[in-house]
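Predicted model only: the values in this text are computed from it and were never measured. Numbering starts at 1 and runs along the sequence shown.
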Amino acid sequence: MTRHVSARSVAGVPARSVPPSARTLQVRRQVGRNIAALRLRRNLTQERLAERAELSAHSIYRTELGTRSPRLDWLIRIADALDVTLAELVREPPE
């Protein structure tokens, strides 16, 4: 008999919502700033970037604010739409 494990659980234990760490929030905001800066350098609106990346403008808006934790496939689509590497989107400034 095979036991079904949902995507929201591990080994049958329900997943709990864990608030993001301060580091996670910091990186999320930095990624958002990077996306906004790259978008503006290319004279793109959030709406136009959303069209190019096949995402909603609201998703771009929330990602740039750092209030959304974007999925990896979204970041890849955004990087492609901006014609940059994924590394450029997630680059942290030097200390």
Side-chain angles (χ1 to χ4, degrees):
M1 174 182 218
T2 304
R3 189 168 108 189
H4 181 280
V5 178
S6 75
R8 296 190 176 267
S9 67
V10 175
V13 178
R16 285 186 269 170
S17 179
V18 178
S21 69
R23 170 96 171 108
T24 298
L25 293 173
Q26 175 188 13
V27 172
R28 194 187 289 174
R29 285 190 296 269
Q30 183 60 51
V31 169
R33 285 191 294 269
N34 292 348
I35 291 170
L38 290 162
R39 174 180 62 77
L40 291 172
R41 268 190 236 142
R42 285 156 180 74
N43 296 313
L44 294 173
T45 63
Q46 289 176 336
E47 292 78 13
R48 184 66 185 122
L49 175 57
E51 288 172 12
R52 287 175 143 194
E54 298 181 354
L55 296 168
S56 72
H58 188 70
S59 292
I60 297 295
Y61 168 75
R62 289 188 56 204
T63 299
E64 287 186 0
L65 281 180
T67 60
R68 172 172 291 258
S69 184
R71 296 174 19 186
L72 179 59
D73 59 323
W74 289 12
L75 291 175
I76 293 167
R77 287 158 54 182
I78 292 169
D80 290 347
L82 292 170
D83 195 31
V84 298
T85 66
L86 185 57
E88 288 178 82
L89 288 188
V90 299
R91 179 172 291 134
E92 294 183 75
E95 292 184 16

Practice task
Look at atom CG of D73 and say whether more than 12 heavy atoms of other residues, nucleotides or ligands are closer to it than 6.0 Å.
Solution key: yes

Completion exercise
Here the salt bridge (Lys or Arg N to Asp or Glu O under 4.0 Å) pairs for residues 50-64, sequence neighbours left out, are R39-E64, R48-E51

Completion exercise
salt bridge (Lys or Arg N to Asp or Glu O under 4.0 Å) pairs touching residues 18-29, sequence neighbours excluded, are R23-E92

Completion exercise
The remaining residues in the hydrophobic cluster of L75, counting side-chain heavy-atom contacts under 4.5 Å among Ile, Leu, Val, Met, Phe, Trp and Tyr, are V27, V31, I35, L38, L44, L49, L55, I60, L72, W74, I76, I78, L82, V84, L86, L89, V90

Handout entry: Minimum heavy-atom distance R77-A53, with the two atoms named
Key = NE-O, 3.0 Å

